[in-house]
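These notes are about the structure you will find just below.
Computation of the quantities below employed the complete heavy-atom set of this structure, encompassing side-chain atoms and omitting hydrogens, waters and symmetry-equivalent molecules. Throughout, protein chains are lettered first and strands after them, A, B, ... in sequence-line order, and every chain is numbered starting at 1. Keep in mind that what you see is a predicted model, and the values were worked out from it rather than measured.
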Protein chains: 2
Amino acid sequence: MPYDPSAFPPFAVTVDLVVLTVRRHALCALVVRRGEPPYQGRWALPGGFVRIEEDLGAAAARELTEETGLRVQGPDDLHTGAHLEQLATYGDPGRDPRMRVVSVAHLVLAPDLPTPTAGGDADSVRWAPVDALLPSGGGPDRSGEQPALLAFDHSRILADGVERARSKIEYSSLATAFCPPEFTVGELRRVYEAVWGVALDPRNFHRKVTGTPGFLVPTGGTTTRQGGRPAQLFRAGGATVLNPPMLRPEV
Amino acid sequence: MPYDPSAFPPFAVTVDLVVLTVRRHALCALVVRRGEPPYQGRWALPGGFVRIEEDLGAAAARELTEETGLRVQGPDDLHTGAHLEQLATYGDPGRDPRMRVVSVAHLVLAPDLPTPTAGGDADSVRWAPVDALLPSGGGPDRSGEQPALLAFDHSRILADGVERARSKIEYSSLATAFCPPEFTVGELRRVYEAVWGVALDPRNFHRKVTGTPGFLVPTGGTTTRQGGRPAQLFRAGGATVLNPPMLRPEV
DNA sequence: TCTGTTTATCGTCAGGCAGACGACTATGAT
DNA sequence: ATCATAGTCGTCTGCCTGACGATAAACAGA
């Protein structure tokens with residue numbers, strides 16, 4: 001196809017955000033309530049248009065800050081900000097009834113936060129457990145599937161983001177992105193348990209994470225904020241890949 | 001940000017294709033020679049504009065067929081066509097000097113083919129070993145890095161696609177997408193060796209792949225097309241994930 | 001025909017790692 | 001003081017993998 005600059009079809013390009021955190025032993029996603037049609041009053045993923053001179057990742061980081069006040073992890077503050085990565089792009093011609101919109105979805109993993117009411121109005125943005133947003137999260141049996149709870153194709157995007165997070169903490173140290181800068185082995189285990197929805201053996205988990213070089217770095221301090229015996233505090237180490245991986249239990 | 005349909009910035013949306021195959025023990029990518037500026041005469045990944053009423057995956061499949069004659073694996077012909085999946089989206093404002101182009105890159109894994117001269121003119125499209133296209137394929141030492149050989153940011157896209165293929169054959173049965181419909185264990189092993197650039201022990205490899213349920217299904221036939229003792233022929237089984245995975249050797 | 005070469009396939013053995021689970025430690029709550 | 005809670009250290013067993021020996025079945029060439 002010869003190049004014809006005057007003939008390219010114009011698209012709207014947006015970023016949508018799957019922002020995940022762990023609150024009260026549950027994996028939660030950030031959702032905003034739509035104030036206008038279509039899907040008025042329904043919950044949706046945060047997002048917005050990409051500006052004409054803006055990189056995709058920068059647009060995602062900007063939308064994140066605008067809607068939640070979260071900052072993205074930079075090269076400096078390696079253990080404070082949230083982790084952001086591109087997830088996938090959704091461009092079905094019918095996904096937005098108004099016009100042709102191609103949305104570059106991004107995945108954000110953030111530690112638990114007081115409450116996400118930074119940019120927009122307070123009660124139109126909130127954390128929702130993903131189990132409530134994706135009812136058929138279980139097996140491959142899709143019979144009796146409920147209609148999607150989220151606007152547009154956002155249920156699909158959320159499901160893809162959750163699955164990415166679930167698989168990525170297997171072979172990377174990304175689970176620490178859900179934790180505060182200093183955390184205990186038990187807190188990290190509860191992250192895995194919430195994201196995977198399973199119970200893990202505390203002893204085997206402790207052996208695995210403390211035995212993986214570069215995963216955890218002890219800070220020297222201890223804490224009893226979880227009750228029980230004081231636990232050592234750790235920071236995330238420099239390792240980004242876990243080899244061998246921490247496989248989630250089957251069945 | 002309130003929605004304003006008359007104010008969204010218009011983008012051009014394209015698909016770019018990382019088409020990989022294994023030829024003569026080497027991982028090769030499909031490249032086309034550019035006939036017009038910018039980057040006239042340079043090699044680039046195949047691709048083109050997404051049509052205004054066309055899904056992203058459909059656009060990728062269409063471009064693939066137009067430029068190579070390859071057909072994508074459908075639900076019917078499960079073992080003939082090529083595997084296609086979305087790779088990532090590249091939208092840096094400066095990636096195309098002419099205008100703002102957002103490219104949704106796709107990854108295609110195809111069996112070795114006679115020659116890819118279906119659509120365009122013959123000598124402007126060819127298979128090139130990825131080692132030649134990505135000289136610094138080795139370690140993290142990026143000093144003395146050569147300028148990119150491919151046009152635009154296509155070297156980056158190709159590198160991402162190659163890395164995706166290398167990691168994905170670890171934990172999925174996708175390596176069979178590089179093989180003809182019927183293949184031997186040795187041929188499958190040579191695929192792994194070419195993609196990873198390593199030598200694998202034939203005995204351990206044979207034990208692993210034949211012992212993974214659902215990976216390979218014997219057809220009953222044998223072949224000597226590789227020389228030596230006749231080898232059993234297999235088809236790809238129904239399994240898509242390999243558990244435990246086939247980890248590539250370290251070091 | 002015999003021998004060497006190539007590829008395929010089966011076995012053996014030792015080390016590493018994960019799951020199951022016992023035992024002990026150090027806090028706070030009652 | 002006792003209990004409940006959570007953390008940490010060990011043990012044992014079975015599975016998987018890497019290293020490698022041995023055999024089998026074809027072809028090429030002397």
Side-chain angles (χ1 to χ4, degrees), chain A residues 22 24-25 169-171 179-180 182-194 196 198-234 239 241-251, chain B residues 24-25 169-171 179 182-194 196 198-234 239 241-251:
Chain A
V22 173
R24 281 180 260 116
H25 289 214
I169 64 173
E170 285 193 313
Y171 55 89
C179 295
E182 296 198 350
F183 52 90
T184 69
V185 173
E187 290 165 347
L188 183 63
R189 175 170 49 81
R190 282 181 271 283
V191 164
Y192 275 91
E193 290 177 333
W196 286 344
V198 299
L200 300 175
D201 186 291
R203 298 156 290 189
N204 293 337
F205 183 87
H206 188 278
R207 177 183 60 192
K208 173 68 178 175
V209 296
T210 57
T212 299
F215 192 6
L216 300 183
V217 178
T219 66
T222 61
T223 183
T224 63
R225 63 185 171 217
Q226 298 291 339
R229 169 177 166 179
Q232 274 191 85
L233 284 170
F234 294 87
V241 294
L242 265 43
N243 201 322
M246 166 131 41
L247 295 173
R248 51 185 142 171
E250 334 205 7
V251 182
Chain B
R24 281 179 260 113
H25 288 215
I169 65 174
E170 284 193 315
Y171 55 89
C179 295
E182 296 198 351
F183 52 89
T184 70
V185 173
E187 289 164 347
L188 183 62
R189 174 170 49 83
R190 283 182 270 283
V191 164
Y192 275 90
E193 291 177 334
W196 286 343
V198 298
L200 300 175
D201 186 291
R203 299 156 290 189
N204 293 337
F205 184 87
H206 187 277
R207 178 184 59 190
K208 172 72 176 173
V209 297
T210 58
T212 299
F215 193 5
L216 300 183
V217 177
T219 67
T222 62
T223 184
T224 62
R225 62 187 171 215
Q226 298 290 341
R229 169 176 165 180
Q232 276 191 84
L233 285 169
F234 294 87
V241 294
L242 266 45
N243 201 323
M246 166 132 40
L247 295 174
R248 50 185 143 170
E250 332 204 9
V251 181

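- Atom CG of Asp201(A) is separated from atom C1' of dG22(C) by 11 Å (rounded to the nearest Å).
- We find that CZ of Phe205(A) is positioned 15 Å from P of dC9(D), with the value rounded to whole Å.
- Among the nucleotides dA25(D), dG7(D), dC16(D), the one closest to any side-chain atom of Ala231(A) is dG7(D).
- Among the nucleotides dA8(C), dG22(C), dA6(D), the one closest to any side-chain atom of Arg203(A) is dG22(C).
- When the side-chain nitrogen and oxygen atoms of Arg189(A) are compared with OP1 and OP2 of dG7(D), one or more of them lie within a distance under 4.0 Å.
- Between the CD atom of Gln226(B) and the C1' atom of dT9(C) there is a distance of 16 Å, given to the nearest Å.
- For Asn204(A), taking side-chain heavy atoms from C-beta onward, the closest of the listed nucleotides dC20(D), dA6(D), dA20(C) is dA20(C).
- With rounding to whole Å, Arg229(A) atom CZ is found 6 Å from dA26(C) atom C1'.
- Within the 4.0 angstrom heavy-atom criterion, only backbone atoms of the sugar-phosphate kind lie near Arg190(B); the bases stay farther away.
- For the pair Leu247(A) and Trp196(A), the tightest heavy-atom approach, listed with the atom from each and the gap, is C-CH2, 4.1 Å.
- Using modelled atom types, no side-chain atom of Glu193(A) and backbone atom of His25(A) make a donor-acceptor pair closer than 3.5 Å.
- Looking at heavy atoms from C-beta onward, Leu216(B) lies in side-chain contact with Phe183(B) at the 4.5 angstrom threshold.
- An OP1 or OP2 oxygen of dG7(D) is reached within less than 4.0 angstrom by no side-chain nitrogen or oxygen of His206(A).
- In Arg225(B), the CZ atom is crowded: over 12 heavy atoms of neighbouring residues, nucleotides or ligands sit closer than 6.0 Å.
- Rounded to a whole Å, the CD atom of Gln232(B) is 17 Å from the P atom of dA24(D).
- The side chain of Arg248(A) places no N or O atom within less than 4.0 Å of a non-bridging phosphate oxygen (OP1 or OP2) of dA18(C).
- The CG atom of Asn243(B) sits 15 Å away from the P atom of dC15(D) (whole-angstrom rounding).
- dA18(C) atom P lies 13 Å from atom CD of Glu170(A), rounded to whole Å.
- Phosphate contact (OP1/OP2 of dA18(C), side-chain N/O of Lys208(A), threshold under 4.0 Å): present.
- A straight line from CG of Leu233(A) to P of dA6(D) spans 17 Å, rounded to a whole angstrom.
- If you find the closest nucleotide of DNA chain C to Phe234(B) and to Pro230(A), the one lying nearer the 5' end belongs to Phe234(B).
- Closest to the side chain of Arg207(A), from the set dA18(C), dC16(D), dT27(C), is dA18(C).
- Residue whose closest nucleotide on DNA chain D sits further toward the 5' end, between Gly228(A) and Thr210(A): Gly228(A).
- Lys208(B) and Thr212(B) get closest at one heavy-atom pair: O-OG1, 2.8 Å.
- Along DNA chain D, the nucleotide closest to Thr224(B) and the one closest to Leu247(B) are compared, and the more 5′ of them pairs with Leu247(B).
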